[in-house]
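Both ligands and their constituent atoms are indexed starting at 1 by order of listing. As a basis for the values below, the full set of heavy atoms in this structure was taken, side chains included, without hydrogen atoms, waters or symmetry mates. Since this is a predicted model, take the numbers as computed values, not measurements.
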Amino acid sequence: MIEDKKVIFSGIKPSGNLTLGNYIGALKNWTILQHEYNCLFCVVDMHAITVRQDPAELRKKSKELLKLYIACGLDPEKNIMYIQSQVPAHAELGWILNCYTYVGEMGRMTQYKEKKAKQNENTTVGLFDYPVLMAADILLYQTDLVPVGDDQKQHVEITRDIAMRFNNLYSETFKIPEVYIPPVGARIMGLQNPTAKMSKSDDDENDCILLLDPIDAIARKIKRAVTDTEKEIRYTKEKPGIKNLLDIYMSCTNMNVKDAEARFTNCGYGEFKQEVADAVVSTIRPIQEKYKEIDADKEYLDKILKQNAERASSIANRTLGKVKKKIGFVV
Ligand code: ATP
Ligand code: LTN
């Protein structure tokens, strides 16, 4: 890592197939930020098991996600890209920070409340405690900036609170991180239900576009997207379906709202959807091509996994060592 550069940490759960929402809200920004920062991009499999996963599928998806990181344009030589469970320091600091976090704080987390409400079975302590593990992820690397979609803002805020609490008790130990939310596309909504977030663990396959969807399926899903009974293409909260398609379009073309609205004046919904589909396909097609190349070279991925887990561990262990000393563990 280059000493004078600021540090970025972010991660995605290997809990399903990567969606266009994950790409626009997170990955796309990472590919831009990687040029200016020292970056760690993690496949957070320990977060994925907060809801039940099939073991073989989880292993497959973890590797697939790392390949997708590379296919989207992240450079594994320049950034540290690894699988969370291969760096034990995450679990160790996670436990320690549990003892500096209050039950009330976790109970207030919106994502926890939403996921709990959707579950019929017993909710695990892991799901409840998940933001503490996320805090450990971030704080281990003395992170300056955490680029995430809008839904993760609250978790970065609690990370800051935990870090400040620890620093106040034991002297300066952790850097206090800032959240980075993208200006466009921080919350891509479902195509069938544009009032709820597009999510990779959603059951309705028409609601989300997957990065590895067949190209014809992408166009089909966009054409079927729910809009409204009007005719006008305007960027407004009152038209959630159209607003969402415009967000997708703007992110894929790097266009601003004014230009995008002007582009579609007097344009019908059918033609608009076709343009959005073309923009999405132009974004996704090169990612799929690169993915195929990486997928064909099995040894390449294993080499990256091993090297990067070692690089991450050596940085993480420095922070963990300091923490253990400060709280009184025999080291
Ligand atoms: P799950 O459905 O399993 O909870 P998810 O699709 O919400 O998963 P995560 O792994 O939780 O995906 O998120 C990875 C990153 O993608 C985070 O930074 C998150 O904020 C971002 N992200 C997820 N969904 C969206 C979305 N619809 N729009 C913008 N960003 C998103
Ligand atoms: N909680 C995040 C994933 C995540 C993360 C992190 C993001 C785990 N650890 C650290 C940024 C930094 C999510 O559900 N998207």
Are [X] and [Y] ion-paired here, with the side-chain N under 4.0 Å from a carboxylate O?
X	Y	value
Glu114	Lys197	no
Asp259	Arg263	no
Arg234	Glu261	no
Asp302	Lys63	yes
Lys239	Glu232	no

Legend entry - Test item: Gln192 side-chain N/O and Arg224 main-chain N/O as donor-acceptor pair under 3.5 Å: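 Yes; at least one donor-acceptor contact below 3.5 Å.
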Legend entry - Asn38 side chain to Lys78 side chain, donor-acceptor N/O pair below 3.5 angstrom: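 There is no such pair between these side chains.
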Legend entry - Identified ring pair (Phe, Tyr, Trp, His ring centres under 6.0 Å) partner of Phe41 from the options Tyr82, Tyr141, Trp30: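 The option that passes is Trp30.
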Inset, instruction - Determine, stepwise, if the pair His90 / Leu140 fulfils side chain to side chain contact (heavy atoms under 4.5 Å, CB included). - result: CA-CA 7 Å; His90 289 256; Leu140 273 175; 3.9 Å; yes
Contact table, ligand 2 N/O with protein N/O, distance under 3.5 Å:
unit_1   : atom_1 : unit_2 : atom_2 : d
ligand 2 : 1 (N)  : Tyr130 : OH     : 2.4
ligand 2 : 1 (N)  : Gln152 : OE1    : 3.0
ligand 2 : 9 (N)  : Asp137 : OD2    : 2.6
ligand 2 : 14 (O) : Tyr130 : OH     : 2.2
ligand 2 : 14 (O) : Gln152 : NE2    : 3.2
ligand 2 : 15 (N) : Gln152 : NE2    : 3.4

Every pair of nitrogen or oxygen atoms between ligand 1 and the protein that is under 3.5 angstrom apart - can you list them with their distances to 0.1 Å?
unit_1   : atom_1 : unit_2 : atom_2 : d
ligand 1 : 2 (O)  : Ser199 : OG     : 2.4
ligand 1 : 2 (O)  : Ser201 : N      : 3.2
ligand 1 : 2 (O)  : Ser201 : OG     : 2.5
ligand 1 : 3 (O)  : Ser15  : OG     : 2.8
ligand 1 : 3 (O)  : Ser201 : OG     : 3.0
ligand 1 : 4 (O)  : Lys13  : NZ     : 2.8
ligand 1 : 4 (O)  : Lys115 : NZ     : 2.5
ligand 1 : 6 (O)  : Asn22  : ND2    : 3.4
ligand 1 : 6 (O)  : Lys200 : N      : 3.0
ligand 1 : 7 (O)  : Lys197 : NZ     : 2.4
ligand 1 : 8 (O)  : Lys200 : NZ     : 3.1
ligand 1 : 10 (O) : Lys13  : N      : 3.0
ligand 1 : 10 (O) : Lys200 : NZ     : 2.7
ligand 1 : 11 (O) : Lys13  : NZ     : 3.3
ligand 1 : 12 (O) : Asn22  : ND2    : 3.1
ligand 1 : 12 (O) : Lys200 : NZ     : 3.2
ligand 1 : 16 (O) : Asn22  : ND2    : 3.2
ligand 1 : 18 (O) : Gly149 : N      : 3.2
ligand 1 : 20 (O) : Gly149 : N      : 2.8
ligand 1 : 20 (O) : Asp151 : OD1    : 2.5
ligand 1 : 27 (N) : Ile188 : O      : 2.7
ligand 1 : 27 (N) : Met198 : O      : 2.9
ligand 1 : 28 (N) : Ile188 : N      : 2.8
ligand 1 : 30 (N) : Gly21  : O      : 3.3

